[in-house]
Amino acid sequence: MNRPYNFSAGPAAIPEEVLQQAAAEMLDWHGSGMSVMEMSHRGKEFISIYEQAEADLRELLAVPANYRILFMQGGGLAENAIVPLNLSRGGTADFVVTGGWSQKSVKEARRYCSAHVAASAQADGFHRIPDPATWQLSAGASYLHLCSNETIHGVEFQELPDLKALGSDAPLVIDFSSHVASRPVDWSRVGLAFGGAQKNLGPAGLTLVVVREDLLGRALPACPSAFDYQVVAEHASMFNTPPTWGIYIAGLTFQWIKRQTEGGLQGVAALQARNVAKARLLYDAIDRSQLYVNLVDPACRSRMNVPFLLRDESRNEAFLAGAKARGLLQLKGHKSVGGMRASLYNAMPMAGVQALVDYLHDFEKTQA
Ligand SMILES: *Cc1c(COP(=O)(O)O)cnc(C)c1O
């Protein structure tokens, strides 16, 4: 079956092999007589799925032994509250605001702690990342939050800041929802990373948290037990029923990632190489055209989410209709920025990006 190319920002495309395997196992998982959705989360079948998924993720992202992997619920937005409930100690937390998602994070954190904006790119229309040397870090901050890939504004940290070198002892918290597993993570710079699964790992409903062990056990008394990282870690993500189906599909996705190869590379390194090539193909096509424009500083353009505008906005509807007719789906931009957005997550093959680039070219020619 030839499926269309889906450029949705999330929930987003899932590798076809993963969907096929899930379909084949839907009624009877490995001779158990049950669908994964029907299994007890404490039964040996599901425990084996869970343990394999955790081990594969640890390997793929090279998560060090002193970090815990938690499978939670609530999505990235719930983490905007869960992180301050766990880490702020009611004190001050610093935020670097580089787009719509980090903006939301500060707003939510204000309900639980004193949230200080250490740097913001809002005045620049979120088209660049403020130089870390200019960040106004608070003395004694309980953590610093940033969104390492801004899904709406298309801005990505190509390198995470070294807070120690900036004179801060605060742990770095990253929201990596929309580029997790698209590139390696420098754990030496990260205290906690969180992300919803529905961009790059699987279905909505699963939230991944990777947290350094020394950050456990700091939750405010008001923190719900199900959201207390220490409680969740002590119960191996089974304090309450975890999102079993999401963990299963994410686990199949981890296996798919492990099988990927590119120019002698494997796993996340292979995907990174492919993602670099995919992003370059699309940005080059946009930059060369007279009709399309991406306003983000090339030094911090996202490999995953490529927002672009048509210089003639009256052509937007025609552009989207023509794209759909060619099997290029969900290219409409986020309502807060308008225009278009192509999300090039891991599951988007090079052929899909090539098909989009061909369409950009053909559509522009019809406008002459
Ligand atoms: C999608 C997204 C979120 C929100 O996730 P929900 O699952 O809707 O709560 C948060 N942060 C980033 C960077 C995202 O891309």
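Note that ligands are numbered from 1 as they come in the structure, with each ligand's atoms numbered from 1 the same way. Treat the numbers as computed from the prediction; the structure is a model and nothing was measured. Position 1 is the first residue of the sequence, and the numbers go up from there.
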(message) Asn149 versus ligand 1: do any nitrogen or oxygen atoms come within less than 3.5 Å of each other?
(response) no
(request) Could you tell me if any non-hydrogen atom of Cys147 lies under 4.0 Å from any atom of ligand 1? (result) yes
(message) Taking the six-membered ring for Trp, are Phe46 and Tyr248 closer than 6.0 Å centroid to centroid?
(response) no
(request) Please work out whether any backbone atom (N, CA, C, O) or any side-chain heavy atom from C-beta onward of Gln198 is under 4.0 Å from ligand 1, and answer side chain, backbone, both or neither. (result) side chain
(request) Check Lys104 against ligand 1 and report side chain, backbone, both or neither, counting heavy atoms closer than 4.0 Å. (result) neither
(request) Supply the atom-to-atom distance Gln354 CD to Leu282 CG, rounded to the nearest 0.5 angstrom. (result) 10.5 Å
(message) At under 4.0 Å between heavy atoms, is it the side chain or the backbone of Ala204 that contacts ligand 1, or both, or neither?
(response) neither
(request) Verify the distance criterion only: is there a donor paired with an acceptor across the side chains of Asn66 and Glu213 at less than 3.5 Å? (result) no
(message) At under 4.0 Å between heavy atoms, is it the side chain or the backbone of Thr207 that contacts ligand 1, or both, or neither?
(response) neither
(request) Kindly confirm or rule out an N or O of Leu77 lying under 3.5 angstrom from an N or O of ligand 1. (result) yes
(request) For ligand 1, find out whether one of its N or O atoms is nearer than 3.5 Å to an N or O atom of Gly196. (result) no
(request) Before accepting this row, confirm whether a basic side-chain N of the pair Arg326/Asp362 lies closer than 4.0 Å to the acidic partner's carboxylate O. (result) yes
(message) Between the side chains of Asp287 and Arg301, is the shortest nitrogen-to-carboxylate-oxygen separation below 4.0 Å, so that they form an ion pair?
(response) yes
